[in-house]
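Single-structure report; data block below.
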Amino acid sequence: MSLLDVLGLTPTGQTGEATAKPGIASAAPATKTLPIWQKAKDKAGGQISQLQSALRETGHPLLMRIADQGLNGITDRLQVGLQTALMEFDGAAAGQRKRQRDKAQQAVADFKKFLADDPGLPLLALNPLGVTVTLREDLARAMQTLEQSLVD
């Protein structure tokens, strides 16, 4: 069962593939964008969770406060905007498709800028706690895939 099914955003049994009547072009994408993001976010979230545990084990107040922030704190809520834009794009009716695509493309661009510019992300990868953190690379790959999926 997908996240969209759990949220009630797709009818039971829908595969996410475009279906169209013969001779009528479908406005639905062949590939949904939200699962691309969800897979990358889940991997990054797992790494951050491991790092949070290691930070808490230090007992240092500053490191414990950083641990309490989680992925939302690191991305400054950009992930929520991206996820919303992708959900709206995936579910958009033909007449709303371009507007939702534009919003999703902007959300991807904002997230890419964050990944390129945030000074804290390289520090996560270099942490001395023995936790592998590749979220910058993993999320950048997901953004590239999303960009390709959002092309007209």
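The figures here come from the full heavy-atom set of this structure, side chains too, leaving out hydrogens, waters and symmetry mates.
The distance from atom CD of E88 to atom CZ of R99, rounded to the nearest 0.5 Å, is 8.0 Å. The OG1 atom of T145 lies 10.5 Å from the CG atom of L150; values are rounded to the nearest 0.5 Å. Of the inter-residue distances, the one linking T33 atom OG1 with L146 atom CG reads 6.0 Å to the nearest 0.5 angstrom. We find the CG-CG distance between L124 and L51 to be 6.0 Å, quoted to the nearest 0.5 Å.
For A40, the side-chain contact (heavy atoms from CB on, under 4.5 Å) test picks out L139, A142, with sequence neighbours left out. The salt bridge (Lys or Arg N to Asp or Glu O under 4.0 Å) test applied to K41 returns no partner, not counting sequence neighbours. Evaluation of the salt bridge (Lys or Arg N to Asp or Glu O under 4.0 Å) rule for D68 yields R56 as partners, not counting sequence neighbours. With sequence neighbours excluded, the residues forming a salt bridge (Lys or Arg N to Asp or Glu O under 4.0 Å) with E147 are K112, listed by chain and number. Among residues two or more places apart in sequence or in another chain, the side-chain contact (heavy atoms from CB on, under 4.5 Å) test is passed with A85 by A104, A107. Evaluation of the side-chain hydrogen bond (donor to acceptor under 3.5 Å, both in side chains) rule for Q79 yields N72 as partners, not counting sequence neighbours. In this structure, the side-chain contact (heavy atoms from CB on, under 4.5 Å) partners of Q144, at least two apart in sequence or on a different chain, are Q148. Residues that satisfy the side-chain contact (heavy atoms from CB on, under 4.5 Å) test with Q69, not counting sequence neighbours, are absent from this structure. Scanning for side-chain hydrogen bond (donor to acceptor under 3.5 Å, both in side chains) contacts around D102 gives K98, with sequence neighbours left out.
Remark: the backbone N or O of V80 is paired with a side-chain donor or acceptor of T84 at under 3.5 angstrom. Judged by distance alone, the side chain of T58 and the main-chain N or O of A54 form no donor-acceptor pair under 3.5 Å.
The shortest heavy-atom contact between M64 and L55 is CG-O, 4.2 Å. Nearest heavy-atom pair, A92 versus Q100, reported as atom, atom and distance to 0.1 Å: CB-CG, 3.7 Å. Contact detail for Q83 and L34: the closest heavy-atom pair is CG-CD1, 3.6 Å. Contact detail for R136 and A116: the closest heavy-atom pair is NH2-O, 3.0 Å.
Applying the salt bridge (charged side-chain N to carboxylate O under 4.0 Å, His left out) definition to pairs two or more places apart or across chains, those involving residues 114-127 are K113-D117. Screening residues 97-120 for ring pair (Phe, Tyr, Trp, His ring centres under 6.0 Å) gives W37-F111, F111-F114 as the qualifying pairs, with residues at least two apart or on separate chains.
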L86 vs I36, test: side chain to side chain contact (heavy atoms under 4.5 Å, CB included). Steps then yes/no. CA-CA 10 Å; L86 295 176; I36 296 166; over 6 Å; no

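Side chains of P35 and D90 form a contact here, defined as non-hydrogen atoms less than 4.5 Å apart.
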Considering only distance and modelled atom types, tabulate donor-acceptor pairs under 3.5 Å from the side chains of residues 128-135, sequence neighbours left out.
unit_1, atom_1, unit_2, atom_2, d
T134, OG1, Q47, NE2, 2.9
T134, OG1, D138, OD2, 2.7

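The one candidate from K103, Q105, R101 that meets the side-chain contact (heavy atoms from CB on, under 4.5 Å) condition with F89 is R101.
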